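Heads up: numbering here begins at 1 and tracks the sequence. On a predicted model such as this, the values are computed, not experimentally measured, just so you know.
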Amino acid sequence: MNVYDIRMAPYWFYESRGFVQHPYVFRQPVSSRAIIASTRGDVTGDGIIDEVFLTGNQMPGSPLWRNITLVIRDGRTHQEQQIQLQNNMGYNPSLFLGDMTGDKIEDVAVVIDTGGSGGAIYAYVFAYLNRQFRRIFNSDVLNDELKYSVRYQNQYKASVISHQQNETYILDLTYKGREYLNEIYNSQGVLKMPIEGWVNPLSGLYPVDFDRDGVYELLAYQRIAGRYNADSLGYVQTVLKWNGQRFMFNRQTVTIFGSDLS
């Protein structure tokens with residue numbers, strides 16, 4: 001089982017050189033900016049409910065948001081902290097609060113659709129540590145860490161190699177249908193030519209309390225592409241779990257699409 005340590009952990013979590021502290025500044029109040037999403041919870045651990053917002057500027061006549069900023073209004077002091085996001089432009093920005101580190105303090109997750117053809121997202125998690133909000137997950141780092149090889153094989157199969165996990169997954173392609181298979185295999189099930197696919201960057205990140213202990217694990221989705229991006233072969237699903245100091249790979253699986261019984 002591989003381990004993400006603080007210096008290299010990706011998935012919603014660490015920067016490649018450790019926790020990243022984001023200094024905040026006091027600027028105009030939330031009321032003077034466009035609020036994209038808002039929620040409430042105790043994100044500072046003082047027992048008082050805080051308000052959490054995403055603000056930004058929407059392009060006229062477009063669902064695209066620019067200058068997306070995380071704003072936290074302290075429930076005790078009523079002061080606002082603004083946290084700049086590394087990638088602050090995209091679609092459908094959303095917030096989630098939940099304890100992902102096991103310290104009984106709600107952490108803040110931000111997910112933004114990039115709008116790209118692969119359905120990629122930007123995802124960040126911020127935690128209140130040592131009286132400061134720190135970014136403990138960055139999807140860009142996860143994408144850099146997780147490397148794959150996808151190759152079609154004879155007899156209607158494809159292999160997905162997860163280099164980070166040092167594991168191989170074999171996909172049965174017969175569910176793709178005879179027309180699809182006839183394009184790339186001869187009548188003996190041998191490839192007409194070598195074909196390589198790829199695994200897309202992170203397209204989904206979901207906090208899930210698998211253990212029902214009040215602490216959320218992180219479930220990451222990456223779509224497997226075949227001959228072209230719309231040729232989906234399935235998904236790589238990676239679960240990350242906090243062990244008190246770092247996130248570890250808890251498990252990784254590959255899922256494929258079903259086919260009609262007929």
Side-chain angles (χ1 to χ4, degrees), residues 1-2 4 9-13 87 90-92 94 111-123 137-208 210 217-241 247-262:
M1 181 175 290
N2 294 329
Y4 275 136
Y11 181 16
W12 277 14
F13 298 93
N87 297 291
Y91 302 85
N92 304 315
S94 63
V111 177
I112 303 168
D113 295 335
T114 66
S117 60
I121 61 171
Y122 302 128
F137 174 79
N138 181 346
S139 56
D140 286 347
V141 179
L142 176 64
N143 291 328
D144 288 340
E145 292 294 327
L146 297 181
K147 301 299 183 184
Y148 304 93
S149 298
V150 179
R151 294 184 177 90
Y152 283 63
Q153 298 181 343
N154 294 331
Q155 304 307 315
Y156 317 116
K157 299 182 187 301
S159 66
V160 180
I161 299 175
S162 174
H163 297 288
Q164 177 72 26
Q165 290 291 89
N166 196 30
E167 293 179 345
T168 301
Y169 305 92
I170 303 298
L171 307 183
D172 184 342
L173 298 179
T174 56
Y175 78 93
K176 299 286 283 185
R178 179 50 54 187
E179 182 179 353
Y180 179 94
L181 297 175
N182 286 342
E183 292 178 359
I184 55 181
Y185 291 98
N186 65 22
S187 58
Q188 285 76 45
V190 177
L191 282 167
K192 296 178 181 179
M193 64 181 64
I195 300 176
E196 294 190 5
W198 67 92
V199 175
N200 277 291
L202 195 68
S203 60
L205 189 63
Y206 306 98
V208 181
F210 288 105
E217 288 77 42
L218 299 173
L219 174 60
Y221 273 71
Q222 294 175 276
R223 189 166 61 83
I224 306 167
R227 294 177 296 169
Y228 43 87
N229 207 22
D231 180 18
S232 296
L233 302 184
Y235 286 89
V236 179
Q237 301 179 2
T238 305
V239 176
L240 299 178
K241 185 178 177 65
F247 278 93
M248 299 179 65
F249 279 108
N250 184 259
R251 59 186 178 274
Q252 187 176 75
T253 58
V254 167
T255 62
I256 64 172
F257 301 97
S259 59
D260 294 335
L261 289 175
S262 58

List in chain and number order the residues that pass side chain to side chain donor-acceptor pair (under 3.5 Å) with [X], two or more places apart in sequence or in another chain; answer none if no residue qualifies.
{"X": "Ser232", "value": "Arg223"}
{"X": "Ser94", "value": "none"}
{"X": "Gln155", "value": "none"}
{"X": "Asn87", "value": "Tyr124, Asp140"}

Determine the minimum heavy-atom distance between [X] and [Y], stating which atoms define it.
{"X": "Val150", "Y": "Ala225", "result": "CG1-O, 4.3 Å"}
{"X": "Ser162", "Y": "Tyr169", "result": "CB-CE1, 4.1 Å"}
{"X": "Ser139", "Y": "Ile121", "result": "OG-O, 3.8 Å"}
{"X": "Gly118", "Y": "Ser203", "result": "O-CB, 4.4 Å"}

Quick one: ring-ring contact (aromatic ring centres under 6.0 Å, His included) partners of Tyr221, sequence neighbours excluded?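 Testing Tyr221 for ring-ring contact (aromatic ring centres under 6.0 Å, His included), a comparison that skips the adjacent residues, returns Tyr206, Tyr235.
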Show your working on side chain to side chain contact (heavy atoms under 4.5 Å, CB included) between Asn143 and Gln222 and close with a plain yes or no. CA-CA 9 Å; Asn143 291 328; Gln222 294 175 276; 4.3 Å; yes
Which residues pass the side-chain contact (heavy atoms from CB on, under 4.5 Å) test with Thr168, not counting sequence neighbours?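 Residues passing side-chain contact (heavy atoms from CB on, under 4.5 Å) with Thr168: Ser159, Ile161, Ile170.
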Sequence neighbours excluded, which residues qualify as side-chain contact (heavy atoms from CB on, under 4.5 Å) partners of Asp231?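 Asp231: side-chain contact (heavy atoms from CB on, under 4.5 Å) contacts with Tyr152, Lys176, Tyr180, Arg227, Tyr228, Leu233.
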Side-chain touch [X]/[Y], heavy atoms, less than 4.5 angstrom:
{"X": "Leu181", "Y": "Arg178", "result": "yes"}
{"X": "Tyr185", "Y": "Leu191", "result": "yes"}
{"X": "Gln252", "Y": "Thr238", "result": "yes"}
{"X": "Ile224", "Y": "Tyr148", "result": "no"}
{"X": "Asn250", "Y": "Glu217", "result": "no"}

Using modelled atom types only, decide if a donor and an acceptor are shared between the side chain of Thr114 and the backbone of Ala120 within a distance under 3.5 Å.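 The answer is yes, because a donor-acceptor pair under 3.5 Å joins these two groups.
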Does CD belonging to Glu183 count more than 12 external heavy atoms closer than 6.0 Å?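 Yes - once you tally the heavy atoms of other residues, nucleotides and ligands closer than 6.0 Å, there are more than 12.
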Please list all pairs meeting salt bridge (charged side-chain N to carboxylate O under 4.0 Å, His left out) that have one or both residues in residues 152-170, counting only residues at least two apart or in different chains.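 Matches after skipping sequence neighbours: none remain.
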Using a 3.5 Å cut-off and no angle test, enumerate the donor-acceptor pairs between side-chain atoms of residues 193-202 and protein atoms at least two apart in sequence or in another chain.
| residue | atom | partner | partner atom | Å |
| --- | --- | --- | --- | --- |
| Trp198 | NE1 | Asn200 | OD1 | 3.4 |
| Asn200 | ND2 | Asn229 | OD1 | 3.1 |

Rounded to the nearest 0.5 Å, how far apart are CG of Leu219 and NZ of Lys241?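 These two atoms lie 13.5 Å from each other.
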Quick one: list whatever passes salt bridge (Lys or Arg N to Asp or Glu O under 4.0 Å) with Asp172, sequence neighbours left out.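 For Asp172 there are no salt bridge (Lys or Arg N to Asp or Glu O under 4.0 Å) partners, ignoring immediate neighbours.
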